[in-house]
A.B. asks: 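This is the structure, below, for whatever I ask next.
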Amino acid sequence: MLGNFPPAADAVEAAFTIEVVQETQRSYTVASWSSTGALARSQHGISSVLSAVLWSVDQAALCTTAFQILHAGCVAKRKRAILLSAPSQAGKSTLTLSLVKQGWDYLSDELAPVHLDNWYVQPYPCPISLRAGAELLFPDLVSPGMDAAEKRHVAPDKVRAACVSNGAELGAIVLPQFRPGVRCELRRLAPKQALVWLAGARLNNPKDSTVSSFQTVTQLVQRTSSYFLAYGDRTEACSVLDDLADGDLRDAE
Amino acid sequence: MSSRKMVRVPRAPTASPSASSSVFGDEIVIYCERTERMHCLDAATSVVWALCDGSRNVTEIIDEIVRMTSASRRDVSLFVDRAVAQFVELRLLK
């Protein structure tokens, strides 16, 4: 895709490679690899392939910046950002979408670029990617004629007009875990527990940084309150995070 | 025959450049870039890790801990030997 673009004068080798292999008529594997790792994901339908390629290119480009890039969703209220870091299938995207619908500002569903000087999170307002079936939780966002990929990759302005934040200071780190039937509980985590979790969400070593990304994330968890959120009901989870934003985060302003 | 693996302990144990550590109170968390693994050390093992700074051999690390605590030299020696051997096995030392 980038083959038509001349390489930079100082480029010595390809830093990043993407390969798309068609497995069946509608099934593809998108593989990307760089010096920092490799990733292969199966996709159905060409629009999903394009999303995956775009995501891979963006990730590779962002990882060369001076920001600490974390694999996390991010929303903000009154300019205080909450990082939502969770493994796949933990309900991160549905929670992000629910919060934005309820008035929170949107920063990202996938990649959170954190500025190391002021701990501001820059927006990376990609479409919110729901897993198959999760679009049924948001029937008001589905219009007749949309294909499956459109239903599952929700543009932020479809959720709420002008919902994208232009950046917000990091206020809290939340590790959400959706489990059907679980009573909603927000539990404070010790910095060490948060580090063990968040270290796995690092995607780069920030450019020009004098410390490793592990040290950066250590600083992040030492200066920011971290919580584990177990929930079985999205409305309750949103309400708990509203309380957090109205309480602890506001007190920290 | 003992099933315990023999490990070659460096003369003056020093953290590998690929091992980053962070201190949380009296405990240390180490991330090894080479193995991409994280290790949470308890308080006692953290003391041993902190003393693996290249300025002491294992005997001197034991001496230092015996001075700092009321534990017997034999107990400290067993503990330090085991901890340093583990650091070696986990490729956390140079």
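Each chain gets a letter, A, B and so on, in the order the sequences are listed, and its residues count up from 1.
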A.B. asks: With a 4.5 angstrom heavy-atom cut-off, could you sort out which part of A:Gln222 is near chain B: side chain, backbone, both or neither?
C.D. replies: side chain
A.B. asks: Can you tell me if CZ on B:Arg34 sees more than 12 non-hydrogen neighbours from other groups inside 6.0 Å?
C.D. replies: yes
A.B. asks: Measuring from B:Tyr31:OH to A:Leu195:CG, what's the distance to the nearest 0.5 Å?
C.D. replies: 11.0 Å
A.B. asks: For B:Arg37, is the CZ atom crowded, meaning more than 12 foreign heavy atoms sit under 6.0 Å from it?
C.D. replies: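 No - once you tally the heavy atoms of other residues, nucleotides and ligands closer than 6.0 Å, there are 12 at most.
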A.B. asks: Within a radius of less than 6.0 Å around CZ of A:Arg223, do more than 12 heavy atoms belonging to other residues, nucleotides or ligands occur?
C.D. replies: yes
A.B. asks: Report the C-alpha distance between B:Val29 and A:Phe214 in whole Å, list the side-chain angles of each, state the deciding distance to 0.1 Å, and finish with yes or no for side chain to side chain contact (heavy atoms under 4.5 Å, CB included).
C.D. replies: CA-CA 10 Å; B:Val29 178; A:Phe214 183 73; 3.8 Å; yes
A.B. asks: Rounded to the nearest 0.5 Å, what separation is found between the CD atom of A:Gln215 and the OG atom of B:Ser22?
C.D. replies: 4.5 Å
A.B. asks: Sort A:Val196 into side chain, backbone, both or neither according to what part of it lies under 4.5 angstrom from a heavy atom of chain B.
C.D. replies: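 Interface part for A:Val196: both.
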A.B. asks: Is it the backbone or the side chain of B:Ile28 that comes under 4.5 Å from a heavy atom of chain A, or both, or neither?
C.D. replies: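 Neither; nothing under 4.5 Å.
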